[in-house]
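To start, the structure under review is shown below, and the notes come after it.
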Amino acid sequence: MRVLVVTAVPVERDAVTRAFTDGPEVVRAPGAELHRAGGFDVLAGGAGPASAAAAAAFGLASGPYGLVVSAGIGGGFAPGAPVGSLVVASAIVAADLGAETPDGFVPVTALGFGRERFEPPPALVREVAVATGAVTGDILTVSTVTGSADRAAALRAAHPDAVAEAMEGFGVAEAADRLRVPVLEIRAVSNAVGPRDRDAWRIGDALAALTDAFGKLTPVLEGWTHHDRLD
Ligand SMILES: O=C(O)c1cccc(C(=O)CC[C@H]2O[C@@H](n3cnc4c(=O)[nH]cnc43)[C@H](O)[C@@H]2O)c1
């Protein structure tokens, strides 16, 4: 099974391929530069859900792929997902896709169209979490990084199962869903979701945690390929 991994920026892509001693071999496909290592094709698709969806779609076109993974750093909701920890999405949720109304935020589905969540294969999520020591829960996709305690509290209230936020997962999941390819989202927590404090971001630690996690994924994915594809 081939696995496509979509990160936002090149340092995240390189953190993934660093987990493997082979490669990366750079493969150029239309609309996508794939870095191939350890059985993974990894591309840096840009920040935000639109870039991620476009990049994932081009990446998938060079397939076939059996799994797509949205991966990178992210913000963690305290206390469940502290800086340096790893999170795996049990659901990938578009947290700001909808309409603001006098009564508050209304998600797209309540407006009668679209969707706002995708659910990765549950058994695979469990096995990846066990192998990597990750926390599981909803990972929110936002177009604006949360920068205040009020916004963090509003997200928490709307999404009690949220463990983290990032900016690409939902876009990758939308592209994967078009081809019925299963999707995972894996984030290493670089900062707490809350008041903006860029100096407190621990990007190096998070990238190291991402490398560590991918180093542990191969046996899990091999087992899943053989025993659990229909979950
Ligand atoms: O400055 C750097 O060296 C650097 C290295 C890697 C990534 C970055 C980014 O700023 C990329 C933003 C990227 O990270 C995700 N992210 C991280 N924390 C959050 C958050 O609290 N809320 C939302 N997204 C977050 C996100 O997926 C972006 O693509 C800088």
Side-chain angles (χ1 to χ4, degrees), residues 4-19 35 42-56 59 68-89 91-97 105 116-118 120 134-135 137-159 161-176 183-214:
L4 177 67
V5 181
V6 182
T7 70
V9 294
V11 290
E12 294 171 316
R13 176 199 64 205
D14 297 344
V16 173
T17 58
R18 204 176 298 128
H35 286 218
V42 192
L43 71 85
S51 289
V68 186
V69 185
S70 173
I73 64 173
F77 285 95
V83 171
S85 67
L86 195 76
V87 296
V88 179
I92 300 169
V93 180
D96 52 16
L97 188 61
F105 176 77
E116 73 242 7
R117 63 190 288 126
F118 290 97
V135 171
D138 293 0
I139 300 183
L140 309 183
T141 300
V142 294
S143 291
T144 304
V145 175
T146 296
S148 70
D150 283 353
R151 178 65 181 150
L155 286 171
R156 233 184 223 297
H159 305 283
D161 295 330
V163 290
E165 71 167 35
M167 302 176 79
E168 294 81 26
F170 193 79
V172 174
E174 277 281 12
V183 65
L184 278 184
E185 182 169 5
I186 301 175
R187 295 278 163 186
V189 175
S190 54
N191 58 282
V193 176
R196 184 163 177 77
D197 180 5
R198 191 64 174 73
D199 291 343
W201 285 37
R202 294 288 173 263
I203 291 171
D205 292 348
L207 294 173
L210 196 63
T211 303
D212 189 54
F214 271 84

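From a predicted model like this one, the values you see are computed outputs, not experimental measurements. Just so you know, ligand 1 is whichever comes first in the structure, and atom 1 is the first atom listed for that ligand.
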Between S143 and P49, which heavy-atom pair has the shortest distance, and what is it?
OG-CG, 3.7 Å
Tabulate distances under 3.5 Å between N/O atoms of ligand 1 and N/O atoms of the protein, writing both atom names on each line.
{"from": "ligand 1", "atom 1": "1 (O)", "to": "R198", "atom 2": "NH2", "distance (Å)": "2.9"}
{"from": "ligand 1", "atom 1": "18 (N)", "to": "G75", "atom 2": "N", "distance (Å)": "3.4"}
{"from": "ligand 1", "atom 1": "18 (N)", "to": "N191", "atom 2": "OD1", "distance (Å)": "2.8"}
{"from": "ligand 1", "atom 1": "21 (O)", "to": "N191", "atom 2": "ND2", "distance (Å)": "2.8"}
{"from": "ligand 1", "atom 1": "22 (N)", "to": "E165", "atom 2": "OE2", "distance (Å)": "2.6"}
{"from": "ligand 1", "atom 1": "27 (O)", "to": "M167", "atom 2": "N", "distance (Å)": "3.0"}
{"from": "ligand 1", "atom 1": "27 (O)", "to": "E168", "atom 2": "OE1", "distance (Å)": "2.6"}
{"from": "ligand 1", "atom 1": "27 (O)", "to": "E168", "atom 2": "OE2", "distance (Å)": "3.4"}
{"from": "ligand 1", "atom 1": "27 (O)", "to": "R187", "atom 2": "NH1", "distance (Å)": "3.4"}
{"from": "ligand 1", "atom 1": "29 (O)", "to": "E168", "atom 2": "OE1", "distance (Å)": "3.3"}
{"from": "ligand 1", "atom 1": "29 (O)", "to": "E168", "atom 2": "OE2", "distance (Å)": "2.5"}

Taking 4.0 angstrom as the limit, do E168 and R187 come out as a salt bridge?
yes
V6 and L43: CA distance, side-chain angles, deciding distance, side chain to side chain contact (heavy atoms under 4.5 Å, CB included) verdict:
CA-CA 5 Å; V6 182; L43 71 85; 4.0 Å; yes
Would L210 and R18 satisfy side chain to side chain contact (heavy atoms under 4.5 Å, CB included), going step by step from the backbone distance to the final call?
CA-CA 10 Å; L210 196 63; R18 204 176 298 128; over 6 Å; no
Minimum-distance pair of heavy atoms, taken over all atoms of A56 and A175
CB-CB, 3.7 Å
Does G46 offer a backbone N or O that forms a donor-acceptor pair with the side chain of S51 under 3.5 Å?
no
